[in-house]
Asks: 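First the structure, which I've put down as structure tokens, then a few questions once you've had a look.
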2 protein chains.
Amino acid sequence: MNSRRTSPERPTGPGRATMRDVASRAGVSVKTVSRVVNDEAGVTDELVRRVTAAVTELGYRHNLTASHLRRGHRTASIGVLVQDLSNEFCGAVLRAIEDRARAEGVVVIASSIDEDAERERETAHGLVARRIDGLILMPASRHQDYLDTDRASGLAVVAVDRRPLVTEIDAVVADNQGGAAEAVGHLIAHGHRRIAFLGDSESIATAAERRDGYRMALRASRIGQDPALERMDLRTTEDATRATHEVLGLDDPPTAIFAARNVICTGAVVALQQLSLSGTVALVGFDEVAIGEFVEPRVTVVRQDTHTIGANAFDRLLARLDGDQAPASIEVVPTTLVKRGSGEIRAPRKSAKPRRAVRR
Amino acid sequence: MNSRRTSPERPTGPGRATMRDVASRAGVSVKTVSRVVNDEAGVTDELVRRVTAAVTELGYRHNLTASHLRRGHRTASIGVLVQDLSNEFCGAVLRAIEDRARAEGVVVIASSIDEDAERERETAHGLVARRIDGLILMPASRHQDYLDTDRASGLAVVAVDRRPLVTEIDAVVADNQGGAAEAVGHLIAHGHRRIAFLGDSESIATAAERRDGYRMALRASRIGQDPALERMDLRTTEDATRATHEVLGLDDPPTAIFAARNVICTGAVVALQQLSLSGTVALVGFDEVAIGEFVEPRVTVVRQDTHTIGANAFDRLLARLDGDQAPASIEVVPTTLVKRGSGEIRAPRKSAKPRRAVRR
DNA sequence: ATGAAAGCGCTAACAG
DNA sequence: CTGTTAGCGCTTTCAT
């Protein structure tokens, strides 16, 4: 271990050159090396030259972990906890965060939590131990009180995609309810009155919000809810395919489907193709869905602005780190209805009878 | 700054409790706190209890950045540099790496480099300054000598997806040439002799390898190459759609297409749909393509095993960190031909003349 | 303009 | 079983 002491100038070899190595090689003090490395003013050109030379000769690399220990204690790193890094939506949000972070010289430690609240907690605490400055979180947990201690000691936290259940945490979320209501309203405007809802588990806040938007749109047009047309707890594409078959097999089947998540929408597309109803039953999805542009008819979707969601989440985090003391708030990012065909299929005549439409 | 000195026991408030705070609160030495925090054996139950109590009362969190500075100098963190975090393939590989890393208590700093060699270099050096133990890299650069100094001082480096141009770096890549040859062989076996190749820029190693596999398969069946059927430099879906239209507009058009990348394959699907040739011209893609399962006919593809690629890259990195001194090697992960319909379309009679099909 | 010394929060090495 | 001391690599006083 003390080979260091004995040979203060190993140029290569295992182990890295330290500032002291550079200093002794350049014949200056450590502080001077520090000044040069950090581009501080007030060092003679001559010394800058000598230090720079020593740096390259020894292959010296500045050690930020040591540097952070001393100054300000900020590490210029943040944690980003998403459900699944390989998921389209999560990847897009992460990418938006990363782009803003890079611009600020902040690195991103990314991790998947797979809807597991326990893993969320463990991972978050693990990153706190590494002294991340802030945390952007797509919560799987029901409560985020496990972060109270850390927030109290300065950790900035922002939730994305899902509203946190702790009101003091900032959040940036899509307008799930509004987007869903717009989608369903769009279907109603095309004459549909029997509209199925296919959604994820109610315990996921976004899923519940989209369901609420669906109901709200029905109410706004005085269309009664039919529980048989509401299918929740659909986790996979296969679940959704099955559910689509089931609702279309009802005595009074829906003429339109609102699929409240990308995998669910994909499942609905498959079912409609299997039943040769793609051109007959209207469909609107939530989330950009990869296949949306390539099936016939192309799929109308409610698009979430992943770029804005990610970028604004980072900016909010940064503002907090810079001392913003405003009360926590929830930023709702608007969605966009992208009309591509499947959502513009009109309802068949019979279900558009004015009398039945009144209050079923 | 010295408020610390004056009030050694701020329980909450900004700033974090240190080991010394815990020690004084529990009435023990710092070393004892260290032992408890690190689960070291040989501390009285009574003291463990007192320390644990003080820890929770003060909201103490272990500071790994300080800890790493002292011991071994390993940070249990790695950098992962991919082309684009929001890309399907990159996301899948990253996820596989992350899962293995989590199991080993290693965190992943992820970053996109967007085919920009300069950014690759800067990002890598930035992470070295944070003392990552290792780096998994999907190289955009032509050369990786910029890592020589860091590799010499102990940085472990593994390339994924693309072979590095520095032979001393380990790599885990898909069998691009073999996969492409298998795809083209499959088309030949279905009677095709006019097979178009649609690929990315030749400067990207994987693209060139796939092109070589295509040529090799043609040669193996004594089918002459026709430069008019080879289209490179296709970057986007739109490029590919255009190129597909062009080759199909030739006097002697291809009866089959090999699309050597996911976005290219998507573009070919679009073109075939526009021309109503989806059921007539055979198509095999490279990479799992999102739409592959949902268009008619479903798309036959050469699938890359992203899970194995990512997991093995991490394991290789870990082996190096654990002192493995074996010479660098390139692990080639086999691909799988997934037959789903589009690749099994047979060539029309006339091109299947027995005389030309010398030895099928 | 440069340097010496102290210390960030922690742990290895050695007492007691 | 517990505590003291020194020091990881750097930066912040404060001298010179």
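Reckoned from all heavy atoms, side chains included, excluding hydrogens, waters and symmetry mates. Computed from a predicted model, the values in this text were never measured in an experiment. Every chain is numbered from 1 and lettered A, B, ... according to where its sequence line falls, protein lines coming before strand lines.
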Asks: Can you tell me if B:Thr75 and A:Arg130 form a side-chain donor-acceptor pair at under 3.5 Å?
Replies: no
Asks: In whole angstrom, what separates A:Arg16's CZ from D:dC8's C1'?
Replies: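 Between C1' of D:dC8 and CZ of A:Arg16: 15 Å.
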Asks: Respond yes when some side-chain nitrogen or oxygen of A:Ser67 is under 4.0 Å from OP1 or OP2 of D:dT11, and no when none is.
Replies: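 A:Ser67 to D:dT11 OP1/OP2: side-chain N or O found under 4.0 Å.
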Asks: Rounded to the nearest Å, what distance is computed from the CG atom of residue A:Leu69 to the P atom of nucleotide D:dG9?
Replies: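 My rounded result for the distance is 12 Å.
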Asks: Are any of A:Thr65's side-chain N or O atoms less than 4.0 Å away from OP1 or OP2 of D:dG9?
Replies: no
Asks: Which nucleotide, D:dG3, C:dC10, D:dT11, lies nearest any side-chain atom of B:Met19?
Replies: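 In terms of side-chain proximity for B:Met19, the closest of D:dG3, C:dC10, D:dT11 is C:dC10.
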Asks: Is any side-chain N of the basic residue among A:Asp45 and A:Arg49 closer than 4.0 Å to the acidic one's carboxylate O?
Replies: no
Asks: Run the salt-bridge test on A:Arg16 and A:Asp21 with the 4.0 Å N-O cut-off and return the result as yes or no.
Replies: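 No.
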Asks: Can you tell me the distance, in whole Å, between the NE2 atom of B:His68 and the C1' atom of C:dC10?
Replies: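 Value for this atom pair: 11 Å.
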Asks: Among C:dG7, C:dA4, C:dT11, which nucleotide has an atom closest to any side-chain atom of A:Arg70?
Replies: C:dG7
Asks: Within the 4.0 Å heavy-atom criterion, would you say A:Leu47 contacts the bases, only the backbone, or no part of the nucleic acid?
Replies: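 Here A:Leu47 touches the backbone only, sparing every base.
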Asks: Dump the intermediate steps for salt bridge (charged side-chain N to carboxylate O under 4.0 Å, His left out) on B:Glu168 and B:Arg320, then the final yes or no.
Replies: CA-CA 12 Å; B:Glu168 313 90 54; B:Arg320 292 297 179 188; over 6 Å; no
Asks: Can you tell me how far C1' of C:dG9 sits from CZ of A:Arg130, to the nearest Å?
Replies: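 Atom-to-atom, A:Arg130 to C:dG9, this comes out as 16 Å.
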Asks: Rounded to whole Å, please give me the gap between CZ in B:Arg20 and C1' in D:dT4.
Replies: 14 Å
Asks: Taking side chain to side chain contact (heavy atoms under 4.5 Å, CB included) as the definition, give me every residue that meets it alongside A:Ser111, ordered by chain and number, with sequence neighbours left out.
Replies: A:Leu81, A:Thr123, B:Glu98, B:Arg102
Asks: Please give me every residue in residues 30-45 of chain B whose heavy atoms get under 4.0 Å of an atom in DNA chain C, ordered by residue number.
Replies: B:Lys31, B:Ser34, B:Asn38
Asks: For C:dT11 and B:His62 - does any side-chain N or O of the residue sit under 4.0 Å from the phosphate oxygens OP1/OP2?
Replies: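 Result: yes.
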Asks: Can you measure from CZ (A:Arg61) to CZ (B:Arg131) and round to the nearest 0.5 angstrom?
Replies: 9.0 Å
Asks: Any ion pair linking B:Arg121 and B:Glu118 (charged N to carboxylate O, less than 4.0 Å)?
Replies: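 Salt bridge flag = yes for B:Arg121 with B:Glu118.
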